[in-house]
Protein chains: 2
Amino acid sequence: MVMRLFQSETVLCEGVTFAQFCILDHAASRGGRIGLSDLHGLLSVEKSTTTRMVGPLVRRKLMEKATSAHDSRAIDLVLTEKGNEMHEQVWKCLSGFLEGVMRRIPGDRRHEVLDALGIFIRSIRRCCGENAGGACDCE
Amino acid sequence: MVMRLFQSETVLCEGVTFAQFCILDHAASRGGRIGLSDLHGLLSVEKSTTTRMVGPLVRRKLMEKATSAHDSRAIDLVLTEKGNEMHEQVWKCLSGFLEGVMRRIPGDRRHEVLDALGIFIRSIRRCCGENAGGACDCE
DNA sequence: ATTTTTGGTTGTGTATTACAACTATAATGA
DNA sequence: TCATTATAGTTGTAATACACAACCAAAAAT
């Protein structure tokens, strides 16, 4: 079972939706270049959906399509200058929000909370079979 | 900004979707009866959507429509016997899943993790202005 | 008594997806 | 090497999930 968050077209920040930010971020975390086909898995969507999700980013010149080095069918998405700036901008906006959340956690417990959150998320992941097919069988 | 989880029609358990379970659960937690109009807010959807989400539950006789005591326009949803059983069934299934997650958290930290999770969620809520209009302004 | 507001339904448009069909390239294998 | 099969991406289409608007009936306000 796939669980998606923030899938609406609603703009998150700077005219970028959450899904779009995810794509920018995945690219950024890999040095600004990512194979289109890698995105299917990362976003848990069909390849046709990936095509369509990437569209607006390319149209707005936040990313560029480049043919992959070793496979002329495959496409790499490359962060443009503008895309990089946008990514940082949105990150700033997001961390602003996170800071707000943090401010509401008693100072002496912040570390504990973040730590516990990590444990919880990893537990769910392991319980759901990580990337392997759903061992998360609810019958 | 509205954030929705598990909105797909995908069956969660026992032929009940997550949204349907939420409705059953809200009713159950209020003694088996809930005003249809209360659901709009609880589910964060338009009233037209509520109407449509409730449809299948009524058709499957998990809930019944009853005219509200003090307003002949308003409708109350009442859990049927069957609906109550279904609710418990799905709860069992869900807690089975949660147990699986818990088993993967070191025993001596379980309490801490749950505790921290509560703090985190409350912080987000307060940060986003609880039920008041979005103070969660990202900008 | 008339007007306005509110609860619910239905009609309709838009967005988000998956699935299938198709093209082009790559890999396999006889 | 040539035929087969697999893979990358795009486009067409259908299903779903929702909001918004128009509507009716009942309630509240004037």
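Proteins come first, then strands; the chains are lettered A, B, ... in the order of their sequence lines, and each starts at number 1.
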Worksheet entry | Of residues 17-32 of chain A, the positions that come close to DNA chain D - non-hydrogen atoms, cut-off under 4.0 Å | none
Item to complete: Answer yes or no: is there a donor N or O on one side and an acceptor on the other, between the side chain of B:Arg33 and the main chain of B:Ala27, under 3.5 Å?
Response: no
Worksheet entry | Dot-bracket encoding of pairs in DNA chain D, which uses [ ] for pseudoknotted crossings and | for another strand, Watson-Crick or G-U under 3.5 angstrom | ||||||||||||||||||||||||||||||
Discussion item. What residues from residues 56-64 of chain A pass a heavy-atom cutoff of under 4.0 Å to DNA chain D?
Written reply: none
Worksheet item: Taking only residues two or more places apart in sequence, or in another chain, which ones meet B:Phe18 in a ring-ring contact (aromatic ring centres under 6.0 Å, His included)?
Response: B:Phe6
Result block: side-chain N/O donor-acceptor pairs under 3.5 angstrom for residues 53-67 of chain A, not counting sequence neighbours:
from    : atom 1 : to      : atom 2 : distance (Å)
A:Arg60 : NH1    : A:Gly15 : O      : 2.7

Worksheet item: Taking only residues two or more places apart in sequence, or in another chain, which ones meet A:Asn84 in a side-chain hydrogen bond (donor to acceptor under 3.5 Å, both in side chains)?
Response: none
Discussion item. Quick one, A:Leu42 and A:Ile34 - any side-chain contact, counting heavy atoms below 4.5 Å?
Written reply: yes
Worksheet entry | Same cluster (ILVMFWY, side-chain, under 4.5 Å), A:Ile105 and B:Leu117 | yes
Worksheet entry | Qualifying residues under side-chain hydrogen bond (donor to acceptor under 3.5 Å, both in side chains), relative to A:Arg52, sequence neighbours excluded | none
Worksheet item: Residues in side-chain hydrogen bond (donor to acceptor under 3.5 Å, both in side chains) with B:Glu112, at least two apart?
Response: B:Arg109
Item to complete: Considering only heavy atoms of chain A and a distance under 4.0 Å, specify the first and last nucleotide of DNA chain C in 5' to 3' order that meet this criterion.
Response: C:dA15 to C:dA26
Fill in: DNA chain D contacts made by residues 34-45 of chain B, counting heavy atoms under 4.0 Å
B:Ser44, B:Val45
Discussion item. If I take atom NZ from residue A:Lys47 and atom OG from residue A:Ser37, how far apart are they, to the nearest 0.5 angstrom?
Written reply: 10.5 Å
Worksheet item: What about B:Leu12 and B:Leu43, same hydrophobic cluster or not, with Ile/Leu/Val/Met/Phe/Trp/Tyr joined at side-chain heavy-atom distances under 4.5 Å?
Response: yes
Fill in: Parallel, tilted or perpendicular: ring planes of B:His87 versus B:Phe21, cut at 30 and 60 degrees
parallel
Worksheet item: Tell me, for nucleotides 20-30 of chain D in 5' to 3' order, what letter each nucleotide earns: B for a base near a protein heavy atom under 4.0 Å, S for only sugar-phosphate near one, - for neither?
Response: BB---BBS---
Worksheet item: Mind checking whether A:Ile124 and B:Ile124 sit in one hydrophobic cluster, side chains of I, L, V, M, F, W, Y counted as touching below 4.5 Å?
Response: yes
Worksheet item: In chain order, what residues pass the side-chain hydrogen bond (donor to acceptor under 3.5 Å, both in side chains) check against A:His26, with sequence neighbours excluded?
Response: none
Practice prompt. Mind listing the closest non-hydrogen atom pair of B:Ala116 and A:Ala116 along with its distance?
Written response: CB-CB, 3.4 Å
Worksheet item: Between A:Val16 and A:Met86, is any pair of side-chain heavy atoms under 4.5 Å apart?
Response: yes
Discussion item. Under 4.5 Å between side-chain heavy atoms, counting indirect links through other Ile/Leu/Val/Met/Phe/Trp/Tyr residues: same cluster for A:Val101 and A:Leu114 or not?
Written reply: yes
Worksheet item: Would a hydrophobic clustering, with Ile, Leu, Val, Met, Phe, Trp and Tyr connected at side-chain separations under 4.5 Å, put A:Leu94 with A:Leu24?
Response: yes
